[in-house]
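Any value given below was found using the heavy atoms of this structure, including those in side chains, with hydrogens, waters and symmetry copies removed. Residues: numbered from 1 along the sequence shown. First listed ligand is number 1; within each ligand, the first listed atom is number 1.
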Amino acid sequence: MSETEKNIRDDLFYQQKNGYDLMDTEERLELERYCGEYMNYLNVSRTEREAVREGIALAESKGFVPYEKGMALTRGTKVYLNNRDKSLLLAVMGEKPLSFGANIAAAHVDAPRLDLKQIPLYEDSELCYFKTHYYGGIKKYQWVTIPLELHGVVCKKNGEKVDVVIGREKEDPRFVITDLLPHLGKDQMSKPASQVIQGEGLNLLIGSVPYADDGSDRVKLAVISLLNDRYGITEEDFLSAELEAVPAFDVCDLGLDRSLIGGYGHDDRVCAYAELAAICETELPERTSVCILADKEEVGSMGVSGMQSQVFEAFMSELCESQGVSLRECLWNSFCISADVCNAFDPMYPEVSEKRNGAKINYGMGICKFTGSGGKGGSSDASAEVVGTLRRIFADNKVVWQMAELGKVDQGGGGTVALYMANRNIDTIDAGVPVLSMHAPFETVAKFDCYMTYKGIKAFYADR
Ligand code: MN
Ligand code: MN
């Protein structure tokens with residue numbers, strides 16, 4: 001091949017490179033530092049409430065203060081709004097007034113899990129169980145025979161709120177949902193995977209020792225008396241509780257080269273942390289930076305803590321009013337990265353993806369122009385102009401990124417918070433970390449892609 005031929009290819013073809021061919025030693029050390037901090041965050045953020053709590057702790061350590069009505073908001077002021085302990089909005093005030101718009105990144109901190117029902121406790125055959133109702137899109141068969149831990153709150157009649165965490169400490173007990181032994185699994189194994197484990201079969205085994213009396217439900221009585229001793233609660237208190245059973249796996253390095261991270265809840269705490277870390281390092285931006293950690297994305301972004309909630313308008317209009325700017329004008333000129341994970345191409349399952357357009361492990365932050373399903377149905381589909389803006393920012397800041405698509409055409413689909421932001425007349429695009437085994441109890445991401453997502457959002461916050 002002649003030199004001219006080589007040059008014409010370099011000039012005209014779109015060529016992607018493995019991220020490890022693009023990184024120097026210094027950046028590699030920075031990647032390890034960042035990923036170590038992310039892994040610590042993920043390990044202690046097992047629920048949306050914990051992700052918000054940890055987010056606030058980090059933000060406060062970097063100078064963020066709770067927003068209060070009437071406070072002075074000048075360039076560089078860092079404020080946050082804790083929405084009912086379940087979603088979090090942060091801002092760093094920019095040099096330009098909000099009429100120029102804000103740079104917004106929106107991720108979610110809820111993840112698929114098993115919620116306890118409101119009357120969860122029962123005994124069968126002298127074994128005690130918690131009944132659950134799963135939250136978000138799961139393959140139910142993945143949630144049996146793995147260690148589970150319990151996190152959440154119990155709100156008592158007298159107004160007292162009790163925090164519950166069982167299973168996080170090394171010496172804590174854990175819980176499990178049992179499965180049938182293969183020796184007797186002939187009928188079960190002939191069922192479709194969606195029916196192998198039923199929703200009403202997702203019951204946590206929580207005890208087996210009977211109470212020392214001769215009444216009924218002796219194991220259940222023994223279990224509730226243990227809970228009463230530890231938390232001062234009775235069976236009736238479950239009526240006003242939010243208790244979530246989540247996988248008990250610790251976050252860890254994966255692979256001999258330690259290039260991947262295994263853990264529960266990468267979707268979407270991996271992007272939530274990228275935003276948090278980025279906004280915490282944003283000092284004096286030109287445009288106001290806004291970071292959102294939303295709840296309820298996995299069930300449609302509904303409710304007071306979801307991305308459809310008007311708490312977003314409430315927060316933004318407070319900031320706007322302090323400058324005499326109309327909220328409508330601010331949103332119209334804003335730009336939003338809907339920071340959510342995308343699917344990584346999995347060579348184990350090549351048949352569901354289209355290789356030329358799917359995101360690959362170690363190729364950087366995944367940009368999804370559209371999500372949805374069946375002919376882009378239900379997607380906000382970012383415009384060419386919006387993609388062009390991101391290309392400029394990422395090129396100027398050496399952010400390694402790639403295009404992503406959620407599987408083959410007509411293979412399936414999904415959504416994010418993007419459409420709810422776009423419906424508010426904000427230019428919005430999905431961008432985030434490619435994930436293997438998304439929504440499984442133990443998901444996999446690549447450190448390189450985590451780092452590039454953080455770098456990408458940081459560059460976005462710093463943009464004019
Ligand atoms: Mn997500
Ligand atoms: Mn998800």
**OP:** Examine all N, O or S atoms of Cys271, backbone included, and report whether one is under 2.8 Å from the Mn ion (ligand 1).
**Re:** no
Ion pair present between Lys398 and Glu27, side-chain N to carboxylate O less than 4.0 angstrom? no
* To do: Measure the acute angle between the ring planes of Tyr129 and Tyr122, then classify it against the limits of 30° and 60° as parallel, tilted or perpendicular.
  => parallel
| message | Counting backbone and side-chain atoms alike, is an N, O or S atom of Asp268 positioned under 2.8 Å from the Mn ion (ligand 1)? | response | no
- Message: Testing the 3.5 Å rule here: is there a donor-acceptor pair between the side chains of Tyr38 and His266?
- Response: yes
Atom name of the N, O or S atom of Glu298 nearest to the Mn ion (ligand 2) is OE2
Vertex the Mn ion (ligand 1), ends Asp340/OD1 and Asp267/OD1: angle to nearest 10° comes to 100°
How are the rings of Trp143 and Tyr264 set to each other: parallel, tilted or perpendicular (split at 30° and 60°)?
perpendicular
Please determine if the Mn ion (ligand 2) has an N/O/S atom from His439 lying under 2.8 Å away. yes
For the rings on Tyr420 and Phe312, is their centre-to-centre separation under 6.0 Å? no
